Number of protein chains: 2
Amino acid sequence: MPPLERNKRDVAQRILDHATKLFARHGFVGASLRDIAKAVGIRKPSLLYHFPSKDDLRRGVLEQMLAHWNHAVPRILRAATAGPEQFDAIATEALTFFREDPDRARLLLRELLDRPEEVAPLVAMRVQPWSKIVCDYIRKGQEQGRVRADVDPEAYVAQVINLVLCGFATHISISRVLAQAPEEHDPSERLLREMLRVAKSSLFETGPAPAPARARPAIAGGA
Amino acid sequence: MPPLERNKRDVAQRILDHATKLFARHGFVGASLRDIAKAVGIRKPSLLYHFPSKDDLRRGVLEQMLAHWNHAVPRILRAATAGPEQFDAIATEALTFFREDPDRARLLLRELLDRPEEVAPLVAMRVQPWSKIVCDYIRKGQEQGRVRADVDPEAYVAQVINLVLCGFATHISISRVLAQAPEEHDPSERLLREMLRVAKSSLFETGPAPAPARARPAIAGGA
DNA sequence: CCGTCTCTCTACCACTCGGTAGGCACATCG
DNA sequence: CGATGTGCCTACCGAGTGGTAGAGAGACGG
């Protein structure tokens, strides 16, 4: 690839990155092309040379994020077909995607709020292969008695998505609501641990809790 | 109260209502004063007569929503100090607030995304009395062995807030992700039921599930 | 009946927005 | 070397924004 073309891709990439951050922080209408261009270090018409319109830029940002997700899915699916202790593996892989950059959660949430008709099908396409695996896993676990019988697989997946999306998007605010010291990028470990615990313990009959008094036969799926 | 003054309050109220809806749907920057005025049926300067600036209107909208929440809290607290089967009562009362008008969840989520520094303390003030009751209830339940020992009360409350907020704000999109028929205002009953189930079963050792094979001594707290 | 006060209106303002026109520097290639 | 084309720039545009000025219609109190 000639250096000139590489440079072009490089600038486009930097535009996408800064646009992602500013769209996530201030919303699509709240982030102006001037601000984005300034963050990149160029002028607005130069930005419009790479992305012919603001809406093109928005779609580019969304596509890049979904592409990143696509890139993460194989790792998640591999975790999903590994061993019997699949839950933690799946959860860890899926959370990594948002831990890498919490702006992804903010951006996605904003897009779902602003343009549900357009964004929902796009997201659905990317989420379904993964959610299908999880649902199958849940149903099989239910047949084997490992997973609670009252779990509604698809609806459960939706709740976990809510949990993660909102958790990463608003953790700073939520931390303050609980009068905790907010951390810079990640939700505090405490909130993240509880997020996982809620997701897990609502799935299996018993969680990894050290049941204080009464001993109970260990069931596959708990730690 | 003279009819003239009542009319003034009436117009201000209609402005607040329409502004709530439009802010929730399109965001603060995305909803223009002209659009809001048009929805009310007046002109923009008339709107600015009642609310001197757009930011005043925003604060008014937020305050009204928090006031509505304040109005709902006594019912919730009453439910919280009723009987042993408190969970369903608390949950129902709290959910009613958002079921009445899902725009409340959307508005709150948007404000938390846009202005965490300003909104978080406001919300914290309103949520803390309620969350404190819930946390005390959880801790007492843990001492009595009714509630799972591994629950982190404050963090658990945060997760439930995430679940509800995101669930009501994006349920249309999430429904489509799961390829369900979206309903007009409420999340589909199926999603709502699972939301409650996740919150409840992650709190108590056993849920209301008809444990299929192995019988187990009933523990207070489950249904 | 007349002055005052309340509320709404039309007309306008400065400003920012997304987007365009056209020129300039430079790298590439025949 | 000149021709071509790429990528960035300054300058500008119309549209829409939040907000203001000031006039007019109608209710109220003396």
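Sequence lines set the chain letters: A, B, ... in the order given, protein chains first and strands last, and positions in each chain run from 1. Predicted model, so just to flag it, every value in this text is computed and none were measured.
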Taking side-chain hydrogen bond (donor to acceptor under 3.5 Å, both in side chains) as the test, write out the residues that go with Thr96(B), two or more places apart.
none
What is the distance from CD1 of Ile36(A) to P of dG19(C), rounded to the nearest Å?
11 Å
Over-ring placement of Arg104(B) relative to Phe97(B), 6.0 Å and 45° cut-offs
yes
Distance check needed: dT20(C) C1' versus Lys54(A) NZ, whole Å only.
17 Å
If you check the Arg34(A) side chain, which of dT17(D), dG19(D), dG18(C) turns out closest?
dG18(C)
Starting from C1' on dT20(D), measure out to CG on Asp56(B) and report it in whole angstrom.
15 Å
Residue His50(B), side-chain atoms from C-beta onward, closest of dT17(D), dC7(C), dG18(C):
dC7(C)
Would you please confirm or rule out a distance under 4.0 Å between OP1 or OP2 of dG7(D) and any side-chain N or O of Tyr49(A)?
yes
Charged tip of Arg115(A) within 45° of Phe28(A) ring normal and under 6.0 Å:
yes
Pairing donors with acceptors under 3.5 angstrom, does anything connect the side chains of Ser53(A) and Asp56(A)?
yes
Aromatic rings Trp69(A) and Trp130(A): how do their planes relate, parallel, tilted or perpendicular, breaks at 30° and 60°?
perpendicular
Provide, to the nearest angstrom, the distance between the CZ atom belonging to Phe51(A) and the P atom belonging to dG19(C).
13 Å
By ring-ring contact (aromatic ring centres under 6.0 Å, His included), which residues pair with Phe51(B), not counting sequence neighbours?
none
Between atom CG in Asp55(A) and atom P in dG19(C), what is the gap in whole Å?
8 Å
Close approaches to DNA chain D from residues 37-48 of chain B, in residue order (heavy atom, under 4.0 Å):
Lys44(B), Pro45(B), Leu48(B)
Report the distance from atom CG of Leu33(A) to atom P of dT20(C), rounded to the nearest whole Å.
11 Å
